[in-house]
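What follows is a short report on a single structure.
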Amino acid sequence: MAPRAIVCLPGDGIGPEVMTEAIRVLEALPLELTIESHLFGGAAIDATGNPMPDETVQACLRADGVMLGAVGLPKYDGAAVRPEIGLIGIRKALDVYANLRPAIAPGIDMLIVRELVGGLYYGRRGTLDDGTVFDTCEYHPSQIERIVRRGFELARARRGKLTSVDKANVLDT
């Protein structure tokens, strides 16, 4: 069997330091892996002007797995091109639609499943002639169906309970 390809996107700030340790852990595992790093976030902006270079996207699409470090630094706050644009873009390019956020504490064992490729980050946005700005929260029914389906799959493997949280009384999305 061919080695599995892992692409590492160290990112910015503490990202490269954390990624170095994560790679050490991967290398210690009894797995056949090829590991390569690519520019992403602020480091990519500094080198190429783009937080998500095409080469990085193509490497991620070819890989068996992607490890992403932290992105964003204060020097980019308010900049026209920000590291977070790369984060939003790579989610979309890889169709990473489900963010899993566990919460475990005494008396609490919860897994939050959050949709990642629809909504405010990806809807239409702009500025009207009078200066009014808008961000549109958009979801296609297929996006909702697959995130709910994923929630049910995870609930079935846990306690068999699923709770949907939304603002349907105020927002159609």
Using a strict 4.0 Å threshold on nitrogen-to-oxygen distance, state whether Arg24 and Glu27 make a salt bridge.
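Looking at Arg24 and Glu27, the cut-off is not met.
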
Could you tell me whether Glu153 and Arg150 have a side-chain N and a carboxylate O separated by less than 4.0 Å?
yes

Tell me, yes or no, whether the heavy-atom count around Arg4 atom CZ, taken from other residues, nucleotides or ligands under 6.0 Å, exceeds 12.
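Open.
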
Verify, without hydrogens or angle tests, whether [X] (side chain) and [Y] (backbone) share a donor-acceptor contact under 3.5 angstrom.
X: Thr132; Y: Leu128; answer: no
X: Gln143; Y: His140; answer: yes
X: Glu115; Y: Gly118; answer: yes
X: Arg114; Y: Tyr97; answer: no
X: Asn99; Y: Leu116; answer: no

Hydrophobic clustering (ILVMFWY, side-chain heavy atoms < 4.5 Å, transitive) - are Val96 and Met52 grouped together?
yes

Only one of Thr48, Asn50, Leu9 clears side-chain contact (heavy atoms from CB on, under 4.5 Å) with Thr56; which?
Leu9

Taking it one step at a time, do Tyr122 and Asp135 satisfy side-chain hydrogen bond (donor to acceptor under 3.5 Å, both in side chains)?
CA-CA 9 Å; Tyr122 301 97; Asp135 295 292; over 6 Å; no

Residue set satisfying side chain to side chain donor-acceptor pair (under 3.5 Å) with Glu36, at least two apart, ordered chain then number -> His38

Please step through side chain to side chain contact (heavy atoms under 4.5 Å, CB included) for the pair Ile14 and Met19, ending with a clear verdict.
CA-CA 9 Å; Ile14 197 169; Met19 187 63 67; over 6 Å; no

